[in-house]
Peer 1: 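My structure is below; once you've seen it, I'll send some questions.
No experiment lies behind these values; they were computed from the predicted model shown. Each chain gets a letter, A, B and so on, in the order the sequences are listed, and its residues count up from 1. What you see below is based on every heavy atom in this structure, not just the backbone, and it leaves out hydrogens, waters and symmetry mates.
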Amino acid sequence: MTKLDRIDPWRVALRLPGGGEARVYADDTLLAAMRRDRCLDQLARVAALPGLVGPAMAMPDAHQGYGFPIGGVAAFDPEDGGVVSPGGVGFDINCGVRLLATDVEAGPLGARGDGGPLADLAEAVLRRVPVGHGKRRTGVGRADLAGVLRDGAAWAVGRGLGEEADLARVESGGRLAGADLDAVSARARERGAGQVGTLGGGNHFIEVQRVERVLDEEAARRLGLAVDQVVVLLHTGSRGFGHQVCTDHVRELGRAAGRLGLRLPDRQLAAAPLGSPEARAYLGAMAAAANFAWANRQVITHRVREALAEVLGARARVVWDVAHNLAKMETHRVDGRVRRLCVHRKGATRAFGPGHPELPPELRDLGQPVLIPGSMGTASYVALGTETAMAETWGSVCHGAGRVRSRTAARKELSPDGVLRRLARAGVVVRGGSRRGLVEEAPEAYKDVDRVVAVVAGAGLARLVARLVPLAVVKG
DNA sequence: ATGTAC
């Protein structure tokens with residue numbers, strides 16, 4: 001049996017059957033939402049995996065996922081039997097968010113809503129970026145998938161789809177080393193070829209926003225953000241490619257469990273000891289999928305820039321690009337000792353604190369920018385990682401609002417017309433997107449992002465910089 | 001999230 005003990009207004013200890021504890025970052029309202037699905041049971045099972053270092057953690061946006069909760073953070077030590085688990089990364093490997101800052105203000109653009117320049121911009125983006133599920137082909141990367149998988153965002157920049165300066169503003173430079181093309185199935189390659197530069201469906205989006213409020217003047221200035229500025233937030237991942245990589249390796253690790261000496265309480269928690277051939281193969285394929293996703297966000301960035309130039313005569317810089325579905329080998333300090341750990345962040349964002357050597361020199365003293373999108377039609381946040389996050393969460397925070405309704409429940413309880421009406425009343429232009437996607441991604445299907453962000457800020461895991469509000473959204 | 005079911 002597990003028991004929840006509140007530590008402070010933002011932290012809860014989940015007491016585990018074996019005597020240890022997992023940690024939940026939540027206020028009472030968010031904790032109540034987590035207790036309505038299997039999220040906390042899943043967290044307890046993650047805590048029982050071999051070689052875990054520190055507590056398994058759930059961020060305030062956490063909800064039930066495949067194996068691990070979405071909003072889960074867990075680190076494992078290769079020298080202590082630690083594992084890597086595809087379920088701790090998720091199906092959409094390196095799903096992530098990129099923020100572009102334009103050089104125009106929203107005010108002078110005049111009327112909001114349908115018929116104005118923002119609708120024109122959304123339509124110009126939609127003409128250039130294929131959206132939705134299925135085999136949407138762009139041709140980009142089809143002849144050079146190997147380059148995409150090895151070099152990520154740098155592949156796209158090398159093809160003229162972006163600027164060299166973009167790469168400094170992407171986590172890990174937009175490229176994870178160690179991509180192993182031999183660990184990628186022919187089927188994954190087939191699904192991925194031609195999907196570079198496509199948005200996908202579900203919660204993926206390209207949103208034109210304005211900086212509504214600056215919460216830290218100095219940090220905002222350093223990031224090139226100011227009140228009323230038009231910005232673009234895009235959210236997508238590795239499409240069918242990453243999905244197939246996850247499927248392939250979950251199956252393989254499930255088969256290999258006995259040989260690897262793992263007793264898995266849940267097939268969805270398939271894992272392999274770090275250093276085993278199976279773990280190396282998964283990490284090699286995962287790196288390839290991570291690079292696919294970064295190439296994808298880079299190509300879409302280029303298309304959005306074209307649309308911005310055409311409709312608004314605007315230019316845009318990359319503020320930052322976060323990955324929120326990855327497992328990475330990182331150096332962390334544990335009880336005063338430096339250790340290499342495999343940090344799983346599934347629906348959780350890396351949030352390195354000030355001074356971290358992996359941050360670009362011009363931002364190093366600030367800490368790593370963190371992007372926290374809300375649900376469709378609600379606010380998003382720009383924040384910075386902190387020393388507290390480094391000390392408590394392996395430098396991690398939440399990744400968004402997080403679901404409160406399953407897709408099925410949302411379809412049952414909400415109507416597409418009602419969702420569209422509410423967005424129109426709020427003056428938000430919506431283009432693309434299926435009627436089904438509209439209800440599944442409705443604000444009512446998600447937690448309150450302001451409440452989620454208040455927890456990570458209150459706990460000191462992040463320092464808030466700016467609040468962004470939507471003007472026009474292109475949905476998958 | 002996902003050639004929305006191998």
Peer 1: How many Å lie between NE2 on A:H235 and P on B:dT2, as a whole number?
Peer 2: 10 Å

Peer 1: What pairs meet the side chain to side chain donor-acceptor pair (under 3.5 Å) rule with one or both residues in residues 422-434 of chain A, with sequence neighbours excluded?
Peer 2: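 Found A:D114-A:R431, A:E123-A:R431, A:R422-A:E444.
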
Peer 1: Measure from CG on A:D248 to C1' on B:dC6 and round the result to the nearest Å.
Peer 2: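 One finds 13 Å between C1' of B:dC6 and CG of A:D248, rounded.
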
Peer 1: Could you state the CZ-C1' distance from A:R435 to B:dT4, rounded to the nearest angstrom?
Peer 2: 18 Å

Peer 1: After noting the C-alpha distance and the side-chain angles of A:R255 and A:E252, does the key distance pass the salt bridge (Lys or Arg N to Asp or Glu O under 4.0 Å) rule?
Peer 2: CA-CA 5 Å; A:R255 276 201 286 255; A:E252 180 54 32; 3.5 Å; yes

Peer 1: Measure from CD on A:Q244 to P on B:dT4 and round the result to the nearest Å.
Peer 2: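 Those two atoms, CD and P, are 12 Å apart.
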
Peer 1: Measure CZ/A:R239 against P/B:dT2 and give the value in whole Å, please.
Peer 2: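 Taking CZ of A:R239 and P of B:dT2, I get 5 Å after rounding.
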
Peer 1: Which nucleotide in the set B:dC6, B:dT2, B:dT4 lies at the smallest distance from any side-chain heavy atom of A:R187?
Peer 2: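 Closest of the options to the side chain of A:R187: B:dC6.
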
Peer 1: Without decimals, in angstroms, what is the distance between A:Q195 CD and B:dT2 P?
Peer 2: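 To the nearest whole Å, that distance equals 8 Å.
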
Peer 1: Donor-acceptor pairs under 3.5 angstrom involving side-chain atoms of residues 54-63 of chain A: please list them, not counting sequence neighbours.
Peer 2:
unit_1, atom_1, unit_2, atom_2, d
A:D61, OD2, A:H399, N, 2.9
A:D61, OD2, A:H399, ND1, 2.5
A:D61, OD2, A:G400, N, 3.1

Peer 1: What contact category does A:E441 fall into here, base, sugar-phosphate, or nothing, at under 4.0 angstrom with non-hydrogen atoms?
Peer 2: sugar-phosphate

Peer 1: Does B:dT2 have OP1 or OP2 under 4.0 Å away from a side-chain N or O of A:H133?
Peer 2: yes

Peer 1: Base, sugar-phosphate, or nothing for A:G201, non-hydrogen atoms under 4.0 angstrom?
Peer 2: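 Answer is sugar-phosphate: A:G201 comes under 4.0 Å of backbone atoms only.
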
Peer 1: Would you mind reading off the distance between A:E190 atom CD and B:dC6 atom P, rounded to a whole angstrom?
Peer 2: 17 Å

Peer 1: Taking atom P of B:dT2 as reference, at what distance in whole Å does atom OH of A:Y66 sit?
Peer 2: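 Distance check: A:Y66 OH to B:dT2 P gives 17 Å.
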
Peer 1: For the residue pair A:F76 and A:H344, does the interplanar ring angle fall in the parallel (under 30°), tilted (30 to 60°) or perpendicular (over 60°) class?
Peer 2: perpendicular

